[in-house]
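Here is the structure we will look at.
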Amino acid sequence: MSIQESDLMQKLISLCKRRGFVFQSSEIYGGLKSCYDYGPLGIELKRNIMNEWWRSMVHERENIVGLDASIIMHPQVWQSSGHLSSFSDPLVDCLLCKERFRADKAPVVEVGSEVTYTDPKNKKKELKGVAERSYVCPVCGSPELSAERNFNLMFKSFMGSVDPMSQVADKLAGKSHNAQEIREVMEEELAKSTVYLRPETAQAMFVQFNNIQQSLSLKVPFGIAQMGKSFRNEVTVEHFIFRSCEFEQMEMEFFCEPGTQAKWLDYWKEERVNWYKSYANYPEKFTLRQHDDDELAHYADNCYDIEYEYPWGWDELEGVASRTDYDLKKHSEGSGTKLTYFDQQATNPETGKPGWRYTPFVIEPAAGATRATLVYLLDAYCEEKGVDAKGKEKSRVVLKLHPRLAPIKTAVLPLVKKDGMPEIARSIVDKFYKAGVMAKYDENTSIGKRYARHDEIGTPYCLTVDKQTLEDGTITIRDRDTTEQKRISVEDALSEVQARLQ
RNA sequence: GCGGGUGUAGCUCAGUGGUAGAGCGUCACGUUGCCAUCGUGAAUGUCGUGAGUUCGACUCUCAUCACCCGCUCCA
């Protein structure tokens, strides 16, 4: 198998639409930038990935519990977390070379000093000007710059049944104002009802630390896990569902004793990368990359990215960050509520006495559920060259999804639509329904086309009712990857598939 | 945000200043009966959207939206 990397995304996007995995949002209205809908098969795949994550992170562990928090939280949450201040960096456009940059990271000059810079249209030409601000364009050095505009990371909305714009209109009516005054009135009025869509699920797990720890009497180390939607106004959206403004996260905050964070970071980074590999056909396409110091977020003292080799190169899939005690401390300060843990067994390292109250340190494996969906689709996409029944060359498209991730686990197929075969097939598929194993009955067109279609959507097993079934009560089970079949009895069909899904 | 490309049937794509085609897929009937069977027949298009030029625009011009590639940016 060898697919041109450049074609892979295109083929996958096409398959996603054709077979009902992913559609563009609001397509009949021309689509909306970076928004996608998960179709009948896409939702199954994404949900399976998320369920597997939940199972391995929450259900299979003694000390990790779940949370499903409100997407809209008290606006002060984002003040305390730093999302309001550190993500509203002023952005400036260079009027000359069109570069967009952060004012606080641009080259510093003295206001009023004469600066020389190059003309982007004619590199040999030198221009002179006077700096009106304390910085110039980092690319061409020009002082000809647009106004500073705040970068808008979070999606804003307004809570309350009265439109705050009416209040603004009332205040401004009948007088003349300059831009600054209008802005101030608007900010003052809008602020009263402004709420934000969460840019990460993490904060709710810090904010509910006390409730969760106390209600379940949890002992450090313990973790809180959450899956759900998050929203960010990304500077650039790209690569299909890879980076979009609305996305889905699977995050876990692991609270541990100060001083043990390095050990736990090490543990979780290995756990997480191995989790991805266990469902993959190409585990070598997953790797860990430690962040350089200058890459670290304001809250982290160490961080590993789990990266995947996408068609466009290595890029992020999950971040495993050591967030120190930053978040709990910030929310403690912001809310005036103690977010600490008291360990009666431990010895206070400062006093040497038994009993230690401390702010736990946090290790956070933060995964993109939507990114994982893309990754497993890319990992599974496969074209196999072969010959058809008449010896003509053809290619078989197979999604080699891990059986537990596959949207449909089993297709139940009557070889032909007569002689009672549909009835037997339907009675088999009914047993699967009742056992909670995703199965589909399919009697369309020819048997060959049905196999091919199920290969293309990743169905790992096909059960076929044929003439022999009528005689001895056996059916065939076909393996997606090898296309090999073996005969089993109708009674064993469900348990056989269940065994293979383990 | 910048540069380049694309947008025509469900998918892949052809096409011409005179109101549109192929292959695949879909549906029906018949046939076949285990890997995209064969035959016959059928349905499906705001030619991304809006404006302009023109007697006439899918085709030319402009704007806009979306996607792809590259840069840039990104806690």
Side-chain angles (χ1 to χ4, degrees), chain A residues 5-7 9-11 13-20 23-36 78 81-89 91-102 105 120 138-139 146 149 151 153-154 199-200 202 230 232-240 243 291 295-300 303 311-313 315-316 319 321 323 366 384 386-390 392 394-398 413-419 421 444-456 462-468 475-476 478-480 482-485 487:
Chain A
E5 295 277 282
S6 54
D7 292 343
M9 280 300 281
Q10 236 166 328
K11 287 179 171 176
I13 291 168
S14 168
L15 186 147
C16 279
K17 177 175 185 185
R18 195 172 65 243
R19 294 302 189 201
F23 308 119
Q24 186 165 28
S25 163
S26 325
E27 194 188 68
I28 62 170
Y29 288 104
L32 183 63
K33 189 190 289 188
S34 102
C35 292
Y36 293 91
W78 310 112
S81 70
H83 285 87
L84 268 174
S85 52
S86 45
F87 296 95
S88 54
D89 310 305
L91 291 180
V92 177
D93 294 307
C94 173
L95 300 178
L96 217 56
C97 72
K98 308 298 181 195
E99 176 72 7
R100 169 170 284 190
F101 58 92
R102 275 175 61 170
K105 289 195 173 171
V139 171
S146 76
R149 281 170 295 209
F151 173 57
L153 169 88
M154 288 191 286
E200 61 176 21
S230 293
R232 300 178 193 180
N233 276 313
E234 295 286 353
V235 175
T236 312
V237 294
E238 58 190 350
H239 302 309
F240 193 41
R243 177 175 286 118
H291 274 210
E295 271 183 281
L296 290 172
H298 61 275
Y299 49 72
C303 185
W312 61 88
D315 212 335
E316 191 188 359
R323 290 181 81 129
E384 286 178 353
V387 288
D388 67 14
K390 293 182 298 176
K392 264 201 325 202
K394 57 148 194 185
S395 85
R396 185 174 83 111
V397 175
V398 192
L413 317 168
L415 186 62
V416 291
K417 258 193 278 187
K418 59 184 184 189
D419 301 336
M421 294 183 202
N444 287 324
T445 65
S446 67
I447 188 69
K449 280 188 185 179
R450 279 176 276 164
Y451 286 148
R453 184 161 34 192
H454 279 285
D455 287 342
E456 206 179 11
C462 289
L463 301 175
T464 303
V465 174
D466 58 13
K467 271 188 183 147
Q468 197 179 325
I475 52 174
T476 63
R478 170 189 181 272
D479 181 84
R480 174 195 67 201
T482 63
T483 77
E484 279 166 13
Q485 290 173 285
R487 293 205 78 89

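Chain naming here is simple, since letters A, B, ... match the order of the sequence lines and numbering starts at 1 in each.
Rounded to a whole Å, the CD atom of A:Glu484 is 18 Å from the P atom of B:C34. Between the CD atom of A:Gln24 and the C1' atom of B:U6 there is a distance of 13 Å, given to the nearest Å. Residue A:Lys33 contributes atom NZ, which lies 21 Å from atom P of B:G48 at whole-angstrom precision. Whole-Å rounding puts the A:Leu15 CG to B:G10 P distance at 17 Å.
Residue-level contact check: A:Tyr29 touches neither bases nor backbone, having no heavy atom under 4.0 Å from any strand. Backbone-only contact: A:Tyr36 has heavy atoms under 4.0 Å from sugar-phosphate atoms and none from a base. When heavy atoms are screened at a 4.0 angstrom cut-off, A:Ser34 is found touching the sugar-phosphate backbone but no base atom. Among the atoms of the strands shown, base atoms are found under 4.0 Å from some heavy atom of A:Leu415.
Comparing B:G10, B:U26, B:G1 by their nearest atom to the side chain of A:Lys17 picks out B:G10. Side-chain proximity of A:Met9 to B:C69, B:C34, B:C74: nearest is B:C69. Closest approach to the A:Arg478 side chain among B:C74, B:C35, B:C11 is made by B:C35 (side chain taken as heavy atoms from C-beta onward). For A:Val235, whose side chain is taken as the heavy atoms from C-beta onward, the closest listed nucleotide among B:C73, B:C68, B:A36 is B:C73. Checking B:G70, B:C34, B:C71 against every side-chain atom of A:His239, the shortest atom distance belongs to B:G70. Here the side chain of A:Phe240 is nearest to one of B:C35, B:C68, B:C11, namely B:C68.
Contact of A:Arg396 with B:C35 (side chain to base): no donor-acceptor pair of N or O atoms is detected under 3.5 Å. Residue A:Glu238 places no side-chain atom within donor-acceptor reach of the base of B:C68, judged by atom type and a 3.5 Å distance cut-off alone. Side-chain N/O atoms of A:Glu234 and base N/O atoms of B:C73 include no donor-acceptor pair closer than 3.5 Å.
Annotation for A:Arg480 and A:Val398: closest pair CG-CG1, 3.7 Å, computed over non-hydrogen atoms. Among all heavy-atom pairs drawn from A:Leu153 and A:His83, the shortest one is CD2-CD2, 4.2 Å.
A distance of 7.0 Å separates CZ of A:Arg243 from OG1 of A:Thr236, quoted to the nearest 0.5 Å. Taken to the nearest 0.5 Å, the CZ atom of A:Arg450 stands 12.0 Å off from the CZ atom of A:Arg478.
Remark: the separation of the P atoms in B:A63 and B:G4 is 12 Å, to the nearest Å. Here, B:A9 and B:G21 have their C1' atoms 10 Å apart, quoted to the whole Å.
Summarising the base pairing, B:A66 is matched to B:U6 through a Watson-Crick or G-U wobble pair whose two defining distances lie under 3.5 Å.
Contact check of residues 449-456 of chain A against RNA chain B (heavy atom, cut-off under 4.0 Å) returns A:Lys449, A:Tyr451, A:Ala452, A:Arg453.
For A:Ser446, a side-chain nitrogen or oxygen approaches OP1 or OP2 of B:U37 to under 4.0 Å.
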